[in-house]
Amino acid sequence: MIEFQPGKIIPSGNMYFIYGDGGTGKTSLSKLFKGNKVSFIFDGSYNALADTTDTFVFAFDDSDAPNIQSQVDYYVDSAISSPNFDIIILDNVTALQNWVLDNIDGRSKDGRQNYQKLQSWFRNLGMKLRKSRKTVLVTAHQIDNGASGLDGKGRFEADMNQKTFNALSAPFDIVGRIYKQDGQRFIDFDPEQGNHGKNRIDERTLIKANELVEPAEKKEIPTEKPQKAPKKADKTFDEQVAEVANELGKRA
């Protein structure tokens, strides 16, 4: 437990959970973060980081699967305790979840207990990352459920067991879906769209992907200044004389 006195709450690093389809640039999002990074990759997508010089990579494969939980716990704990890393990245926890489930599956007579163990392990992982006080980026694949109702809301979600996703993502500040449209990459945080999404950092609900860490400076759109009403033209001499004469007539 961390204890803070009133008015002395020290914020930790922000935590980002981004899910999306293959090829949308999830792995490359790590390049947006400034500082020394350690990336744990579970789907072999490390080629996307070949041009980086600030990222230490652990690329797990099927040979690591039988004891993946203990390996992840060990290396994540090491990264947390190391002063050499500012940002911790877990790339594609969908693949990680499947390996963990394979290891847990069948160990309990009741299949529900297998999923409870799965959820418990990922909940502990999420809280461990939060307690690290470091910046964290986690990615996952997405599921396309097709049109939902007439408005299509709630179509996309992270490709994870629902309760496992909730257990892992609960402490995260941002949960969003990355996608491509008209040649550009966007991230949607808006829970009103029905997809998994939240943003505890600011008020943005839809951004360009390259603005995930550093929001673009808002530019005010200049508005046309209202024109002042023209001054009434001065009265002519004849009008002034008539006005005086009228006033004298009233007094007579």
Side-chain angles (χ1 to χ4, degrees), residues 1-2 12-22 26-27 30 38-46 57-82 85 87-145 154 156-177 191 195-198 200:
M1 180 179 67
I2 303 174
S12 64
N14 292 328
M15 298 177 66
Y16 304 81
F17 190 115
I18 306 297
Y19 65 95
D21 210 354
K26 297 185 295 297
T27 302
S30 66
V38 56
S39 182
F40 302 101
I41 297 179
F42 304 101
D43 64 354
S45 59
Y46 51 83
V57 174
F58 290 93
F60 297 90
D61 57 35
D62 54 358
S63 66
D64 303 299
N67 58 349
I68 192 67
Q69 296 103 300
S70 60
Q71 288 207 51
V72 170
D73 284 336
Y74 173 79
Y75 287 110
V76 168
D77 286 343
S78 299
I80 289 173
S81 61
S82 173
F85 299 122
I87 300 103
I88 299 174
I89 302 156
L90 275 65
D91 191 17
N92 198 351
V93 291
T94 298
L96 174 61
Q97 173 201 248
N98 295 338
W99 280 336
V100 173
L101 184 58
D102 284 344
N103 292 341
I104 293 174
D105 194 22
R107 294 187 179 181
S108 302
K109 293 182 179 180
D110 187 342
R112 290 175 296 181
Q113 292 181 7
N114 295 329
Y115 280 95
Q116 289 172 356
K117 292 178 180 177
L118 179 73
Q119 294 151 22
S120 177
W121 188 81
F122 274 95
R123 180 180 297 106
N124 292 338
L125 177 60
M127 292 308 301
K128 179 187 299 186
L129 292 169
R130 170 55 81 188
K131 288 190 294 184
S132 75
R133 309 189 66 76
K134 296 191 178 186
T135 299
V136 175
L137 170 65
V138 168
T139 72
H141 278 317
Q142 74 173 25
I143 293 176
D144 183 346
N145 293 312
F156 302 101
E157 61 184 52
D159 186 4
M160 296 183 70
N161 168 264
Q162 180 70 58
K163 291 183 178 180
T164 302
F165 166 80
N166 292 338
L168 174 60
S169 65
F172 280 70
D173 304 291
I174 275 184
V175 174
R177 172 182 172 255
N195 305 319
H196 290 157
K198 66 179 175 181
R200 296 173 178 167

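FYI, the numbering just counts along the sequence from 1.
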### Message
Between F40 and I89, does the side chain to side chain contact (heavy atoms under 4.5 Å, CB included) criterion hold? Intermediate values first, please.
### Response
CA-CA 6 Å; F40 302 101; I89 302 156; over 6 Å; no
Quick one, [X] and [Y] - any side-chain contact, counting heavy atoms below 4.5 Å?
X    : Y    : answer
L118 : Q97  : yes
T135 : M15  : no
I174 : R200 : no
R123 : K163 : no
Y16  : V175 : no
F58  : I41  : no
I68  : V100 : yes

Would you compute the distance between atom [atom1] of [X] and atom [atom2] of [Y] and round it to the nearest 0.5 angstrom?
X    : Y    : atom1 : atom2 : value
S82  : I88  : OG    : CD1   : 9.0 Å
S45  : N92  : OG    : CG    : 7.0 Å
W121 : L168 : CH2   : CG    : 9.0 Å
N14  : K134 : CG    : NZ    : 15.5 Å
I143 : E157 : CD1   : CD    : 5.0 Å
L137 : L90  : CG    : CG    : 9.0 Å

### Task
Kindly write out the residues that satisfy side chain to side chain contact (heavy atoms under 4.5 Å, CB included) with K128, not counting sequence neighbours, or none if the list is empty.
D73, V76, D77, I80
### Query
Would R130 and D173 count as a side chain to side chain contact (heavy atoms under 4.5 Å, CB included) if you check the C-alpha gap in whole Å, the side-chain angles of each, and the deciding distance to 0.1 Å?
CA-CA 10 Å; R130 170 55 81 188; D173 304 291; 3.0 Å; yes
Are the side chain of [X] and the backbone N or O of [Y] linked by a donor-acceptor pair below 3.5 Å?
X    : Y    : answer
S132 : L129 : yes
T94  : H141 : yes
S78  : Y74  : yes
N67  : S70  : no

Of the non-hydrogen atoms in [X] and [Y], which two are nearest, and what is the gap between them?
X    : Y    : result
G197 : P191 : O-CB, 3.5 Å
A59  : D64  : O-OD2, 4.5 Å
K26  : Y19  : CD-C, 4.1 Å
P171 : A167 : CD-O, 4.2 Å
F17  : S169 : CD1-CB, 4.3 Å
W99  : F60  : CH2-O, 3.9 Å

#### Entry: Verdict with supporting geometry, D159 and Q142, side chain to side chain donor-acceptor pair (under 3.5 Å)
CA-CA 5 Å; D159 186 4; Q142 74 173 25; over 6 Å; no
### Query
Checking side chain to side chain donor-acceptor pair (under 3.5 Å) for the pair N103/Q69: CA distance, chi angles, key distance, verdict?
CA-CA 9 Å; N103 292 341; Q69 296 103 300; 2.8 Å; yes
### Query
Is D21 salt-bridged to R177, cutoff N-O under 4.0 Å?
no
### Task
Determine, step by step, whether L101 and Y115 satisfy the side chain to side chain contact (heavy atoms under 4.5 Å, CB included) criterion, reporting the C-alpha distance in whole Å, the side-chain angles of both residues, the deciding distance to 0.1 Å, and the verdict.
CA-CA 8 Å; L101 184 58; Y115 280 95; 3.7 Å; yes
### Message
Please evaluate residues I87 and V38 with respect to the criterion side chain to side chain contact (heavy atoms under 4.5 Å, CB included), reporting the C-alpha separation (whole Å), side-chain torsions for both, the decisive distance (0.1 Å), and the verdict.
### Response
CA-CA 6 Å; I87 300 103; V38 56; over 6 Å; no
### Message
Among D91, T27, D43, which residue satisfies the side-chain hydrogen bond (donor to acceptor under 3.5 Å, both in side chains) criterion with T139?
### Response
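Of D91, T27, D43, side-chain hydrogen bond (donor to acceptor under 3.5 Å, both in side chains) with T139 is met by D91 alone.
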### Task
Decide if the gap between the ring center of F122 and the ring center of F165 is smaller than 6.0 angstrom.
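Not close enough - the centres of the two rings lie 6.0 Å or further apart.
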